Amino acid sequence: AVTMEVALQTRCSFSVLTMKGHRDQEEKLSLIESVNLLRGFIERRRASGRLSGVVLLSQRILDKLSEMDQLKKELLEIVEDPERHPPSLKDVEHAIKEEKARELFKRLPRVVQTSLVRKRDSSGMPILPSDLEAERILGRFVQQELNVAGTSSWFAPRFHVADMQSSAPLPSPFDCALGYVLGQTAAALVCERKHFYVASCAEVHRPVAEWLPCAVPFSALYAPARSGVQRTEKAETRINYAIPKEGWRLRGNLVQAYRFFRDKWIESSAFKSPGPLQFGDGGDVGPLEARPFTLLAEYLNLEDLKKVIQPVMNLPPPLKVAYDPVVYRDVRVLENLSLLEQRRRSAKHSLPGFLRGPVCIDEDDVTPQASHLTEELLKLFPKTGHYRSTIRLEPAEESKESGRTRRAEDDSMGRGQPRRI
């Protein structure tokens with residue numbers, strides 16, 4: 001759910017979720033399916049003239065592979081006492097019966113194999129290393145598949161872990177507004193002596209002034225009793241009053257929107273940078289696109305949700321920047337930029353006044369010899385390594401007088417007049 005939300009917020013080129021399907025048809029992806037998805041994305045991206053892209057992976061994607069469940073079950077049977085008599089990794093590999101689980105264990109790095117064989121969690125199940133970088137392992141698998149297939153697609157991955165950024169404790173303006181509303185609603189319920197209720201709020205996709213505070217009884221949070229189930233007197237004494245966890249359920253229109261844009265963003269670049277959280281003094285929580293799409297899917301239909309995710313669907317033709325191989329660069333549309341990007345685009349920064357007009361360069365031989373690697377620098381920078389002068393920027397009008405008075409000195413030292421830029 002989080003990966004899908006981030007993918008839609010940033011409009012990344014591709015994303016790999018741990019599940020295929022949704023609701024009651026959820027199935028875990030296998031390793032081969034995940035690798036094939038990434039390989040197909042790279043080949044399609046290259047064929048469309050895009051040599052780079054951004055891929056988003058779900059957290060702990062290796063731990064959620066379908067073969068990993070089977071592998072852990074077999075390891076429990078093979079390794080009875082991992083602390084006293086751990087078998088060798090080769091013996092474990094030969095003892096695994098299920099083919100997909102054995103192939104997964106074989107392809108994992110040695111440190112991951114050792115952790116699965118010798119370490120257990122509190123429930124006794126094999127565990128992966130806590131510092132495992134799954135994206136690097138999956139990237140290596142993709143690189144191996146591309147080499148085996150003999151494809152001409154050049155693959156040089158760069159990895160970025162976003163765990164710390166995504167777990168920032170700073171609340172967003174929407175979080176602050178919702179927290180205040182729920183707190184005030186709870187206080188009003190207490191004053192009216194309405195107990196056994198959960199403070200809630202409806203219409204949160206509208207401006208804050210139009211939100212509708214409400215309350216839901218705790219009994220509504222429990223699953224309805226199944227028909228035909230008879231409770232005995234002994235079972236009644238063991239009733240668990242904890243609210244059951246129902247798990248996450250994505251709205252169907254959000255999943256449809258994700259699938260609609262996922263194919264489009266493979267062959268085009270429509271990246272959006274939401275940037276860090278922005279706070280203002282207006283008291284509102286910003287436009288619709290600044291709110292979680294998972295929340296908006298509760299209120300908007302599919303077409304309206306698409307317009308919020310990407311306001312302009314028909315992008316202008318891309319620019320061809322190279323011919324062999326063909327490389328395209330997509331044109332960014334103002335309406336598709338995030339609110340922060342639009343503000344930064346129109347921002348006027350403070351600069352010295354003379355930098356806003358014509359500027360001249362004046363050189364002075366006052367730079368001391370600070371490096372003892374003169375010969376090495378000349379080899380690295382043969383055209384510019386011999387420069388020994390400092391540069392001073394001056395307004396074009398003011399530098400005319402200094403240029404006239406110093407022209408003779410400049411000519412004698414082999415330098416020309418100040419250059420206009």
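Along the sequence shown, residues carry numbers from 1. It should be emphasised that the depicted structure is a prediction, and the values quoted were computed from it without experimental measurement.
Within a 6.0 Å radius of OH in Y299, other residues, nucleotides and ligands contribute more than 12 heavy atoms. In K72, the NZ atom is crowded: over 12 heavy atoms of neighbouring residues, nucleotides or ligands sit closer than 6.0 Å. Crowding of F174 atom CZ: a count of heavy atoms from other residues, nucleotides or ligands under 6.0 Å exceeding 12. Heavy-atom neighbours of Y180 OH from other residues, nucleotides or ligands within 6.0 Å: at or below the threshold of 12.
Between F196 and S219, the shortest heavy-atom distance links the atoms CE2-N, 3.6 Å. The nearest pair of heavy atoms linking M68 to L62 is CE-O, 3.4 Å. Of all the heavy atoms in D330 and P318, the pair that sits closest is OD1-CB, 3.8 Å. Looking at every heavy atom in both residues, C214 comes nearest to A202 through SG-N, 4.2 Å. For the residue pair P173 and V285, the shortest heavy atom distance occurs at O-CG1, 3.5 Å. V321 and R329 get closest at one heavy-atom pair: CG1-CB, 4.0 Å.
For the atom pair Q70 CD and E67 CD, the distance stands at 10.0 Å (nearest 0.5 Å). The CG atom of L8 lies 4.5 Å from the CD1 atom of I309; values are rounded to the nearest 0.5 Å. Expressed to the nearest 0.5 Å, how far CZ of R39 lies from CZ of R44 amounts to 14.5 Å. We find the OH-CD distance between Y258 and E5 to be 12.5 Å, quoted to the nearest 0.5 Å. The distance from the CD1 atom of I266 to the CZ atom of R50 is 12.0 Å, given to the nearest 0.5 Å. To the nearest 0.5 Å, atoms CG (D63) and OG (S58) are separated by 12.5 Å.
R344 and S338 form no side-chain donor-acceptor contact under 3.5 Å, judged by distance and modelled atom types alone. A donor atom on one side chain and an acceptor atom on the other are not found under 3.5 Å apart for S273 and E341.
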For this session: Mind running side chain to side chain contact (heavy atoms under 4.5 Å, CB included) on L305 and L296 for me, showing each step along the way?
Result: CA-CA 7 Å; L305 188 60; L296 296 181; 4.2 Å; yes
Problem set entry | Verdict with reasoning, K272 to L337, per side chain to side chain contact (heavy atoms under 4.5 Å, CB included) | CA-CA 6 Å; K272 185 182 73 171; L337 300 180; over 6 Å; no
For this session: Go through the steps to decide whether L302 and K306 satisfy the test side chain to side chain contact (heavy atoms under 4.5 Å, CB included), and finish with yes or no.
Result: CA-CA 6 Å; L302 178 59; K306 289 180 181 178; 3.8 Å; yes
For this session: Apply the test side chain to side chain contact (heavy atoms under 4.5 Å, CB included) to residues L146 and I42: give CA-CA distance (whole Å), side-chain angles for both, the deciding distance (0.1 Å), then the verdict.
Result: CA-CA 9 Å; L146 291 173; I42 295 170; 4.0 Å; yes
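No donor-acceptor pair under 3.5 Å is formed between the side chain of R102 and the backbone N or O of E93. Judged purely by atom type and a 3.5 angstrom limit, S346 uses its side chain to pair as donor or acceptor with the backbone of Q342. In terms of modelled atom types and a separation under 3.5 Å, the side chain of R11 and the main chain of N336 share a donor-acceptor contact. The backbone N or O of F105 lies less than 3.5 Å from a partner atom in the side chain of Q113, making a donor-acceptor pair.
Counting heavy atoms from C-beta outward, E103 and L31 have side chains that stay 4.5 Å or more apart. The closest side-chain heavy-atom distance from Q310 to L315 is below 4.5 Å. For the pair P87 and V79, the minimum side-chain heavy-atom distance is below 4.5 Å. Residues K320 and V327 are not in side-chain contact: their nearest non-hydrogen atoms beyond the backbone lie 4.5 Å or more apart. Within the 4.5 Å cutoff, no side-chain heavy atoms of L37 are placed close to those of S34. Taking 4.5 Å as the limit, some side-chain heavy atom of F218 sits within range of a side-chain heavy atom of V198. A heavy-atom distance below 4.5 Å is not found between the side chains of W265 and S13.
Every residue two or more places apart in sequence or in another chain was checked for a side chain to side chain donor-acceptor pair (under 3.5 Å) with T114, and none qualifies.
With respect to the salt-bridge test (charged N to carboxylate O, under 4.0 angstrom), the residues K73 and E98 do not qualify.
Taking the six-membered ring where the residue is Trp, F14 and F41 present parallel rings, their angle staying beneath 30° rather than reaching 60°.
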For residues 203-210, tabulate all N or O donor-acceptor pairs below 3.5 Å that involve a side-chain atom, not counting sequence neighbours.
from : atom 1 : to   : atom 2 : distance (Å)
E203 : OE1    : R206 : NE     : 3.0

Show which side-chain atoms of residues 121-143 pair as donor or acceptor with protein atoms under 3.5 Å away, not counting sequence neighbours.
from : atom 1 : to   : atom 2 : distance (Å)
D121 : OD1    : S123 : N      : 3.1
D121 : OD1    : S123 : OG     : 2.9
D121 : OD1    : G124 : N      : 2.9
D121 : OD1    : M125 : N      : 2.7
D121 : OD2    : S123 : OG     : 3.3
E133 : OE1    : R136 : NE     : 2.9
R140 : NH2    : R107 : O      : 3.1
Q143 : NE2    : F155 : O      : 3.2

